[in-house]
Number of protein chains: 2
Amino acid sequence: MRKRAENSPRLTAAARRAQLIEVGRAVFAEMGYEATAVEEIAARAGVSKPIVYEHFGGKEGLYAVVVDREVEYIVTRIVESVSTGSARERVEQSVLAFLTYVKERPEGFAVLLRDSPLSKQSHQMPALMYELADRIGEIFTEQFKMAGFDAKTAPIYAHALVGMVSFVGRWWTETQKPPPAETVASHIAALAWMGLRHLPKHPAPVVRKPTP
Amino acid sequence: MRKRAENSPRLTAAARRAQLIEVGRAVFAEMGYEATAVEEIAARAGVSKPIVYEHFGGKEGLYAVVVDREVEYIVTRIVESVSTGSARERVEQSVLAFLTYVKERPEGFAVLLRDSPLSKQSHQMPALMYELADRIGEIFTEQFKMAGFDAKTAPIYAHALVGMVSFVGRWWTETQKPPPAETVASHIAALAWMGLRHLPKHPAPVVRKPTP
DNA sequence: GCGTAAGTTACCTACCAGTAACCTACGGTC
DNA sequence: GACCGTAGGTTACTGGTAGGTAACTTACGC
């Protein structure tokens, strides 16, 4: 790592910053926040550590930028998907949007699945996907109100749906011979939609408790 | 931390070991694996650091024991729940078993939700819940085979169900005025059951693609 | 009163976030 | 075409923290 003028020329500040965000996302995805060393990011970018501090102020600064971009990206996609079509189309489009995100930005998805650094002080929210589920819950609440459903139950279904899609998404990325996104999305959307559609007004246990 | 003979007497090796597992689970749940210091665990147990090393060989040793116990505990509960009753009863009982676990062992659940230390080398499996989902997937595959369903689709539904229950479970624990476990379990089980029951043989997208 | 189980003090080592001070190549200017 | 300012970059260091260990000490049972 002596002479590096030939293999990696100097970049402009903007270009270097963009590159560091890319590299940072990859390393955070691979190692998790805590286990990531700033020097590792710098090394993979072909620069030295203080460059990272110059651009982002520190480890948390870079992490915040990476996370913010991912969350905004996927939330925007889902807001778009949920805003047109019939109710069922909205569900299916949202699920497909999420799976497309998982497929196209696997590293970003991995970052969102991992522990966040803030989780030590306020021990809530161990991973970003829960924050995302909360955001989706707000969207659902809005939609439930407009559609005349009980808005209080919206968070349950939002969390259930995000949980479903997250877990299936992870499984999907790690499967050797994965079915196409549309197929998986159809399955999940059908499951969720049919579940919602045939939901009784007041679900009650079907298990017969033994008489005391 | 000088004289501690009066407030915390010497324990037998077995008792100390059991206590350290309890304390370790709590600290890992609160801080996550990486951010947990062995000294913190030792201090909360009222002993010094080498005691932890004597019993478990190191941080990872204690973590492995904590995790193994939790996974075996919840898997056992679910295997029990899924082994009797009608198909729908099995679904509902399993969901209720999981939520009961979440309620009764919140620290164990929190540990399973967090990042695992093994995730840096084999970058798969960032959290233990995914391993649990895989285990449930095996159980489902068995059940699907016995019931005559397509066993290949079992993992999808297993991951979907575990994801649903995990996310709703976390939301449930953090809600100020949570509905009782039976109510939430009924909602989730109804959602899953009705979804499965009315699932078309070959789900297809309902979204009309614009003609090219 | 002695042997052993249970526990402690004090240390080493490695790593890592963050910083101060210095260097270099390029583009404009005369 | 030699000068020089500055953007982009480096080397070398500090302070703190945490995993792990060697050597020593205390209390209990026989």
Side-chain angles (χ1 to χ4, degrees), chain A residues 1-24 27-28 30-67 115-121, chain B residues 1-24 27-28 30-66 115-118 120-121:
Chain A
M1 215 169 284
R2 265 288 166 65
K3 280 261 164 64
R4 25 172 307 288
E6 48 234 338
N7 49 348
S8 75
R10 291 191 165 194
L11 301 182
T12 66
R16 185 64 77 194
R17 183 185 153 91
Q19 181 212 16
L20 285 173
I21 293 172
E22 295 282 313
V23 173
V27 180
F28 283 131
E30 188 176 325
M31 319 281 286
Y33 177 81
E34 304 263 11
T36 292
V38 175
E39 196 140 24
E40 171 77 16
I41 296 171
R44 290 203 201 181
V47 296
S48 61
K49 202 166 50 156
I51 302 301
V52 179
Y53 286 89
E54 191 186 331
H55 281 284
F56 303 99
K59 191 179 177 182
E60 272 194 284
L62 174 55
Y63 183 78
V65 171
V66 168
V67 163
D115 263 9
S116 103
L118 309 158
S119 55
K120 74 181 74 166
Q121 48 236 36
Chain B
M1 212 172 283
R2 266 288 166 65
K3 280 263 166 64
R4 24 170 308 286
E6 50 233 338
N7 49 347
S8 76
R10 289 192 166 193
L11 300 181
T12 66
R16 184 65 75 194
R17 182 186 155 91
Q19 181 214 14
L20 285 172
I21 292 172
E22 296 281 313
V23 173
V27 179
F28 284 131
E30 188 177 327
M31 319 282 285
Y33 177 80
E34 303 265 9
T36 292
V38 175
E39 196 140 24
E40 171 78 15
I41 296 170
R44 289 203 201 179
V47 295
S48 62
K49 201 168 49 156
I51 302 301
V52 178
Y53 287 89
E54 192 185 330
H55 281 284
F56 303 99
K59 191 180 177 182
E60 272 194 284
L62 174 55
Y63 182 79
V65 172
V66 168
D115 262 9
S116 101
L118 308 159
K120 74 181 74 164
Q121 49 235 37

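Heavy-atom basis, side chains included; hydrogens, waters and symmetry copies ignored. Chain letters run A, B, ... following the sequence lines, proteins first and then strands; every chain starts at 1. Quick caveat, the model's predicted, so the values are computed rather than measured.
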Expected rows: protein N/O vs nucleotides 14-16 of chain D N/O, under 3.5 Å:
none

Which atom names give the shortest non-hydrogen contact between [X] and [Y], and what distance separates them?
X: A:Tyr63; Y: A:Pro117; result: CE2-CD, 3.1 Å
X: A:His55; Y: A:Arg17; result: O-NH1, 3.6 Å
X: B:Ile21; Y: B:Phe56; result: CG1-CZ, 3.7 Å
X: B:Leu62; Y: B:Phe28; result: CG-CE1, 4.1 Å
X: A:Gly24; Y: A:Val66; result: C-CG2, 4.5 Å

_Each nucleotide in nucleotides 17-22 of chain D should get exactly one letter: B, S or -. Can you fill that in based on protein heavy atoms under 4.0 Å?_
--BBBB
Report the distance from atom [atom1] of [X] to atom [atom2] of [N], rounded to the nearest whole Å.
X: A:Glu54; N: D:dG8; atom1: CD; atom2: P; value: 8 Å
X: A:Ile51; N: D:dG9; atom1: CD1; atom2: P; value: 5 Å
X: A:Arg10; N: D:dG9; atom1: CZ; atom2: C1'; value: 5 Å
X: B:Leu20; N: C:dA6; atom1: CG; atom2: P; value: 13 Å
X: A:Ile41; N: C:dC16; atom1: CD1; atom2: C1'; value: 12 Å

*Rounded to the nearest 0.5 Å, what's the gap from CD on A:Gln19 to OG1 on A:Thr12? Could you check?*
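A:Gln19 CD to A:Thr12 OG1: 10.5 Å, rounded to 0.5 Å.
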*Atom NZ in B:Lys59, atom NZ in B:Lys49: separation rounded to 0.5 Å?*
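It comes to 11.0 Å.
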*Does the side chain of B:Arg16 get closer than 4.0 angstrom to OP1 or OP2 of C:dG7 through an N or O atom?*
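Indeed, a polar side-chain atom of B:Arg16 lies that close.
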_Please determine whether side-chain contact (heavy atoms from CB on, under 4.5 Å) holds for the pair A:Ile51 and A:Glu54, giving the CA-CA distance in whole Å, both sets of side-chain angles, and the decisive distance to 0.1 Å._
CA-CA 5 Å; A:Ile51 302 301; A:Glu54 191 186 331; 4.0 Å; yes
